[in-house]
A.B. asks: 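My structure is below; once you've seen it, I'll send some questions.
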Amino acid sequence: MISHQRFEHMLKKQTALSQYSTYEIGGEARYLAEPNTTEDLILLLDQVEKKGVNSFIFGSGSNILFPDQPDPDTLFISMRDHMEAKFHDNKLYVSAGMPMSSLALIGAMNGFHDFDFTFLLPGTFGGGIFMNAKYFSRQMSDVLDTVYYLDLDHISRGVQAIQAEDCEFGYKTTIFQKHRWFVTGADLKLEGTVNDPQLLNTILDQSKSQLYHHSSLGAFSSYYIGHLEQLRSQGRKIAAMEDVITDRVGKKHFDYPSCGSVFKNNYDYGVPIGKLADQLNLRGTEYGRAMISPNHGNMIQNRGGAKASDVVHLIQVVQESIDKAFGFVPEPEVVIV
């Protein structure tokens, strides 16, 4: 009875999924929940199993295209309020919902720069592990020690652990994509020495601010760039993160709602998808209220009121065009629900 009451207390009803996606696209979910802890998540999944309904778990929605008409029998579970962190044995434990960009700030505050590459990556830590998030030559697997997860087919087993070397990390691929294993957190390796663990509480509190209750990429970038200004005034080393700003803001990644890169690059072919799209003059192609970015051929933007079907149409346009011209179909990176 107590578990059922807690389950009902966590449920939100008739909630627009567009509020939970950086695409700002998605119809109204009949049921949605935002667990604060791993225990809350386990309770939700246990109740879902007992009630025989479906569930869809996601992070900040930065790599997801929600449907215009969500399945009314699915409980959508957002992990963006699942933020816990602690130092132990010169490792940093971080839970799934922590924004990846916060890792860079935590590092800079404590005098180490292992996570600079995560700055201005808009997803959550759990999503970054699931996809092995990458920025130029650095990827999430470089900094992981131990990953903690739930086997969604065996919730009663509780949280399990796997060493990073056993996670089958590759280019935007991991063991978690091959099983129904949901990442709840991980221990990160630290190359430096933690100067002041109490500073962690400051950034954690900031990360739990109201900002993360909406999905604006513009607000996201302003928030983190603003905190970088504070670090600069304190004399912290932030050159690598300033380079990220130059690159990502320069490419106008945050001007319109999007999921960032839509397709994985085909390294066998050897040319980035964005450049292939450029060769085919696909930049600026519109359908409905969606547009292939005029600045980057591997981004599709919501130019205001776009539907999921508009974005899917442009995904198919790029796939068919590249297949016809270059002989392969690019694989979407975005998760189409």
A.B. asks: Using the benzene-type ring in the case of Trp, are the ring centres of Phe76 and Tyr31 under 6.0 Å apart?
C.D. replies: no
A.B. asks: For Leu231 versus Ala108, what's the shortest heavy-atom pair and its separation?
C.D. replies: CD1-CB, 3.7 Å
A.B. asks: For Leu120 and Tyr224, work out which heavy atoms get closest and say how close.
C.D. replies: CD2-CB, 4.0 Å
A.B. asks: Indicate if Ile336 and Val311 have the same hydrophobic cluster label, given that clusters are the connected sets of ILVMFWY residues with side-chain heavy-atom separations under 4.5 angstrom.
C.D. replies: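 Yes, same cluster.
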A.B. asks: Looking at Phe136, is its backbone amide N or carbonyl O close enough to the side chain of Lys134 to form a donor-acceptor pair, meaning the two atoms are under 3.5 Å apart?
C.D. replies: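 Answer holds: yes.
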A.B. asks: Fit a plane to each ring of Trp181 and His179, take the angle between them on a 0 to 90° scale, and name the class: parallel (under 30°), tilted (30 to 60°) or perpendicular (over 60°).
C.D. replies: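 Because their plane-to-plane angle is under 30°, the rings of Trp181 and His179 count as parallel.
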A.B. asks: Treat each ILVMFWY residue as a node, draw an edge where side-chain heavy atoms are under 4.5 Å apart, and state whether Tyr171 and Phe263 are in one component.
C.D. replies: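 No, no single cluster joins them.
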A.B. asks: May I ask whether Leu65 and Phe58 are part of the same hydrophobic cluster, defined by side-chain heavy atoms of I, L, V, M, F, W, Y residues being less than 4.5 angstrom apart, directly or through others?
C.D. replies: no
A.B. asks: Treating Ser95 as the side-chain partner and Gly185 as the backbone partner, does any N or O pair qualify as donor plus acceptor under 3.5 Å?
C.D. replies: no
A.B. asks: With a 4.0 Å cut-off on N to O distance, would you call Asp310 and Arg289 a salt bridge?
C.D. replies: no
A.B. asks: State, without any angle test, whether Tyr287 and Ser309 hold a side-chain donor-acceptor pair at a distance under 3.5 Å.
C.D. replies: no
A.B. asks: Quick one: do Lys264 and Glu333 make a salt bridge, cutoff under 4.0 Å?
C.D. replies: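 Salt bridge absent between Lys264 and Glu333.
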A.B. asks: So which atom in Val244 and which in Phe119 form the shortest heavy-atom distance, rounded to 0.1 Å?
C.D. replies: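 Distance-wise, the nearest heavy atoms are CG1-O, 3.2 Å.
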A.B. asks: With a 4.5 Å cut-off on side-chain heavy atoms, are Leu103 and Leu188 touching?
C.D. replies: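 A side-chain contact under 4.5 Å exists here.
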A.B. asks: Drop me the distance from Leu314's CG to Ile300's CD1, to the nearest 0.5 angstrom.
C.D. replies: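 Separation between the atoms: 5.0 Å.
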A.B. asks: Give a yes or no on whether Ile129 and Val143 share a hydrophobic cluster (residues Ile, Leu, Val, Met, Phe, Trp, Tyr; joining criterion: side-chain heavy atoms under 4.5 Å apart).
C.D. replies: yes
A.B. asks: When hydrophobic residues are tied together by side-chain contacts of less than 4.5 Å, even through go-betweens, does Met299 share a cluster with Leu282?
C.D. replies: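 Shared cluster, no.
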A.B. asks: Verify ring pair (Phe, Tyr, Trp, His ring centres under 6.0 Å) between Phe328 and Tyr269, making sure each step is shown before the conclusion.
C.D. replies: CA-CA 9 Å; Phe328 73 93; Tyr269 193 83; 5.2 Å; yes
A.B. asks: Side chain of Ser233, backbone of Gln230: donor and acceptor closer than 3.5 Å?
C.D. replies: yes
A.B. asks: Any luck finding a side-chain donor-acceptor pair between Glu34 and Tyr20 under 3.5 Å?
C.D. replies: yes
A.B. asks: Should the heavy atoms of other residues, nucleotides or ligands under 6.0 Å from NZ of Lys189 be counted, would the total exceed 12?
C.D. replies: yes
A.B. asks: Closer than 3.5 angstrom, by distance alone: can the side chain of Thr246 be matched with the main-chain N or O of Glu242 as a donor-acceptor pair?
C.D. replies: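 At least one qualifying donor-acceptor pair exists.
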A.B. asks: Are Glu286 and Arg303 close enough for a salt bridge, meaning some N to O gap below 4.0 Å?
C.D. replies: no
A.B. asks: Could you tell me whether the side chain of Gln177 and the main chain of Phe130 form a donor-acceptor pair under 3.5 Å?
C.D. replies: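 The answer is yes, because a donor-acceptor pair under 3.5 Å joins these two groups.
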A.B. asks: Determine the minimum heavy-atom distance between Val48 and Ser55, stating which atoms define it.
C.D. replies: CG1-CB, 4.1 Å
A.B. asks: Please examine the side chains of Ser221 and Leu217, heavy atoms only from C-beta on, and report whether any two atoms are closer than 4.5 Å.
C.D. replies: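 Heavy-atom side-chain distance check fails, nothing below 4.5 Å.
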A.B. asks: About how many Å separate CG of Leu105 and CE of Met241, when rounded to the nearest 0.5 Å?
C.D. replies: 6.0 Å
A.B. asks: Donor-acceptor pair, distance only, cut-off 3.5 Å: does the side chain of Ser60 make one with the backbone of Pro122?
C.D. replies: yes
A.B. asks: Heavy-atom count around Lys307 NZ within 6.0 Å, excluding the residue itself: above 12?
C.D. replies: no
A.B. asks: Check for a donor-acceptor pair, side chain of His296 on one end and backbone N or O of His253 on the other, with a separation under 3.5 Å.
C.D. replies: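 No, because the side chain of His296 does not come within donor-acceptor range (under 3.5 Å) of the backbone of His253.
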A.B. asks: With a 4.0 Å cut-off, would you call Arg180 and Asp151 a salt bridge?
C.D. replies: no
A.B. asks: What about Tyr23 and Phe66, are their ring centers closer than 6.0 Å?
C.D. replies: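 Centroid distance Tyr23-Phe66: not below 6.0 Å, so no.
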A.B. asks: Taking the basic N atoms (NZ, or NE/NH1/NH2) and the acidic carboxylate oxygens, is any pair closer than 4.0 Å for Asp40 and Arg6?
C.D. replies: yes
A.B. asks: So, taking the atom named CD in Gln19 and the one named OG in Ser78, what distance separates them when rounded to the nearest 0.5 Å?
C.D. replies: 11.0 Å
A.B. asks: Should we say atom NZ of Lys237 is surrounded by more than 12 heavy atoms from elsewhere, each under 6.0 Å from it?
C.D. replies: no
A.B. asks: If you take all heavy atoms of Leu144 and Phe125, which pair is closest and at what distance?
C.D. replies: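 Nearest pair, atom of Leu144 first, then Phe125: CD2-CZ, 3.9 Å.
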A.B. asks: Could you tell me whether Tyr256 atom OH has more than 12 heavy atoms of other residues or ligands within 6.0 Å of it?
C.D. replies: no
A.B. asks: How far does CG of Leu280 sit from OG of Ser321, to the nearest 0.5 angstrom?
C.D. replies: 6.0 Å
A.B. asks: Within the distance-only criterion (no hydrogens, no angle test), does the side chain of Ser18 pair as donor or acceptor with the backbone N or O of Ile25 below 3.5 angstrom?
C.D. replies: no
A.B. asks: Looking only at heavy atoms, what is the nearest atom pair of Tyr93 and Thr184, with distance?
C.D. replies: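 It is OH-O, 3.7 Å.
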A.B. asks: Is it true that Gln163 and Thr146 share a donor-acceptor pair across their side chains at a distance under 3.5 Å?
C.D. replies: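 There is such a pair between these side chains.
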A.B. asks: Go through Asp145 and Lys91 one step at a time and tell me if the salt bridge (Lys or Arg N to Asp or Glu O under 4.0 Å) criterion holds.
C.D. replies: CA-CA 8 Å; Asp145 180 90; Lys91 296 174 188 174; 3.3 Å; yes
A.B. asks: Could you tell me whether the side chain of Asn265 and the main chain of Tyr267 form a donor-acceptor pair under 3.5 Å?
C.D. replies: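 No, Asn265 side chain to Tyr267 backbone: no donor-acceptor pair under 3.5 Å.
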